[in-house]
Amino acid sequence: MIKTLIKLSVGAMLISLVSAARADSFLLPVKSAVCQNIVADKSRSDIRFEAYDKAAYMAIKTSEYMQAKAKGLDDHNYAGLAYKLADSALNDVSIITTRDDDERICLELSGYLNTKTADEIIGEERVKEFKPQNVRDIAREVNILLPKPTEEEEGAIPLIYIKDAEFYNHTSTSAYTEKIAQKLSFEPKVLVTESKELADYFIVPKLIQAKMEKIGQDNSRFSMSVAVELHKTNGIVVDSEQQNRYIIISHEQDTQEIAQKLMIKLLEDALDAMSGKLNTLLKY
């Protein structure tokens, strides 16, 4: 009878251990140790919470799981993912205070990373379907020229591609693209894209005329006409602004430098004149 009870107890113990092993197979132990300096304008409870938050983040960030699963991410995205896992996948946390004085608060944290939950979070972060409605979001993330859209504007702002400047002699140049992009970056309701395929509209800068006329022995009259057109991707012109100027220059001046500066000035003036139209291009 006693032997039977022993056998049953051992059997029950083995079943219990196997079940526990299966249940805990996705729990990975993590730990960290951090310190937070005492500052005059913060309460000790706030500093302690900051130390805990930092410790949780460091426990995930330095774990073998993160180093394996998030390999290849840049520092910004790696840190963002570590914070997300610390918030959502860190369980059974215990804290030991190793220092608490007038200079700093130090904590040692230990806990378990739920790798099942972490895998789901990473899957959601990294596996995004490439759908047409996501294209503009992707463009915003990869294009360094794009200003950050507000929550109200998200998904409504059109993308604009800047075409090479066209000259009246049928040549073209990309020399003014960066200047135009910088100017458009201050427009609150448009975004510049470097991809022609993603664009909703095209900006088409044009030099219509540049003419030099001699005035007397020492001076010349330099006139220039510039246009900026806004096209739909099918070529239809939505709006057009033209700027004309003439200036008197002496023969001693660098005419090439003056022409470049005047071209940029007229392009910027044309874009200013077009600003109202650009900011009514919201897509619904």
Side-chain angles (χ1 to χ4, degrees), residues 136 139-140 142-150 153 157-283:
R136 291 178 182 80
R140 292 188 184 99
V142 302
N143 191 333
I144 61 173
L145 293 176
L146 301 183
K148 186 177 180 181
T150 64
E153 296 167 337
I157 299 180
L159 295 179
I160 291 181
Y161 177 82
I162 303 165
K163 299 189 73 174
D164 290 351
E166 301 174 2
F167 292 167
Y168 55 85
N169 61 357
H170 306 296
T171 60
S172 62
T173 178
S174 61
Y176 303 99
T177 302
E178 184 176 352
K179 288 289 185 182
I180 295 172
Q182 289 174 355
K183 183 70 176 176
L184 290 176
S185 69
F186 294 98
E187 294 290 342
K189 295 181 180 179
V190 298
L191 295 173
V192 175
T193 178
E194 294 178 341
S195 172
K196 186 184 296 186
E197 290 72 26
L198 298 181
D200 300 301
Y201 298 90
F202 294 154
I203 285 287
V204 184
K206 294 183 176 183
L207 176 61
I208 299 173
Q209 176 184 289
K211 186 177 180 180
M212 187 82 71
E213 299 172 286
K214 190 174 180 180
I215 303 175
Q217 294 295 320
D218 302 318
N219 299 316
S220 294
R221 182 178 188 270
F222 180 62
S223 57
M224 180 179 283
S225 180
V226 167
V228 173
E229 295 178 353
L230 179 66
H231 292 192
K232 290 185 177 179
T233 54
N234 59 7
I236 295 175
V237 178
V238 177
D239 196 21
S240 178
E241 292 291 342
Q242 187 169 329
Q243 295 290 320
N244 308 291
R245 297 286 189 283
Y246 76 84
I247 55 176
I248 305 301
I249 62 176
S250 72
H251 296 163
E252 298 175 355
Q253 291 178 284
D254 186 338
T255 55
Q256 289 294 327
E257 181 181 355
I258 290 173
Q260 289 286 340
K261 289 181 178 179
L262 185 57
M263 177 83 171
I264 292 171
K265 170 63 175 170
L266 295 183
L267 287 173
E268 290 179 341
D269 289 347
L271 289 167
D272 283 337
M274 191 180 284
S275 178
K277 172 64 72 174
L278 290 174
N279 288 313
T280 60
L281 297 177
L282 289 177
K283 297 187 70 183

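Only a predicted model underlies this, so the values are computations on that prediction, with no experimental measurement involved.
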>> Show, in sequence, the C-alpha distance, side-chain angles and deciding distance for Ile203 and Leu230, and conclude whether the side-chain contact (heavy atoms from CB on, under 4.5 Å) test is met.
In response: CA-CA 5 Å; Ile203 285 287; Leu230 179 66; 3.9 Å; yes

> At their closest point, which heavy atom of Phe202 faces which heavy atom of Lys196, and how far apart are they?
Replying inline: CZ-CG, 3.6 Å

> Do you know the tightest heavy-atom contact between Ser250 and Asn219?
Replying inline: CA-OD1, 3.5 Å

>> If you compare all heavy atoms of Pro205 against all heavy atoms of Ile180, which two are closest, and at what distance to 0.1 Å?
In response: CG-CD1, 3.8 Å

> Got a second to check how far Glu197's CD is from Tyr161's OH, nearest 0.5 Å?
Replying inline: 8.5 Å

>> Using side-chain heavy atoms (C-beta onward) and a distance below 4.5 Å, is Gln209 in contact with Asn244?
In response: no

>> Nearest 0.5 Å, please: how far is NZ in Lys179 from CG in Leu271?
In response: 13.0 Å

>> Can a donor-acceptor pair be found, under 3.5 Å and without considering hydrogens, that links the side chain of Ser185 to the backbone of Gln182?
In response: yes

> At their closest point, which heavy atom of Gln243 faces which heavy atom of Ala270, and how far apart are they?
Replying inline: CG-N, 3.6 Å

> Taking it one step at a time, do Ser174 and Asp164 satisfy side-chain hydrogen bond (donor to acceptor under 3.5 Å, both in side chains)?
Replying inline: CA-CA 5 Å; Ser174 61; Asp164 290 351; 4.5 Å; no

> How long is the gap from CE on Met224 to CD1 on Ile247, to the nearest 0.5 Å?
Replying inline: 8.0 Å

> If you measure from CD on Gln242 to CD on Glu229, what distance do you get to the nearest 0.5 Å?
Replying inline: 9.5 Å

> Do Tyr201 and His231 touch side chain to side chain, with heavy atoms closer than 4.5 Å?
Replying inline: no

> What distance separates Lys261 NZ from Asp254 CG, expressed to the nearest 0.5 Å?
Replying inline: 9.0 Å

>> With a 4.5 Å cut-off on side-chain heavy atoms, are Leu267 and Lys183 touching?
In response: no

>> Using the rule given for side-chain contact (heavy atoms from CB on, under 4.5 Å), can you reason through Lys265 versus Val226, listing the C-alpha separation, both sets of side-chain angles and the distance that settles it, and then say yes or no?
In response: CA-CA 10 Å; Lys265 170 63 175 170; Val226 167; over 6 Å; no

>> Testing the basics here: between Arg245 and Leu266, what is the closest heavy-atom pair and its distance to 0.1 Å?
In response: CG-CD2, 3.1 Å

> How far does OG1 of Thr233 sit from CG of Leu198, to the nearest 0.5 angstrom?
Replying inline: 11.5 Å

> Considering all heavy atoms of both residues, which atom of Val228 and which atom of Met274 are nearest to each other, and what is their separation?
Replying inline: O-CE, 3.0 Å

> Is the number of heavy atoms from other residues, nucleotides or ligands under 6.0 Å of Glu178 CD greater than 12?
Replying inline: no

> Out of Glu213, Lys214, His251, Lys211, which one pairs with Ser220 under the side-chain hydrogen bond (donor to acceptor under 3.5 Å, both in side chains) rule?
Replying inline: His251

>> Is any side-chain heavy atom of Ile160 closer than 4.5 Å to one of Leu191?
In response: no

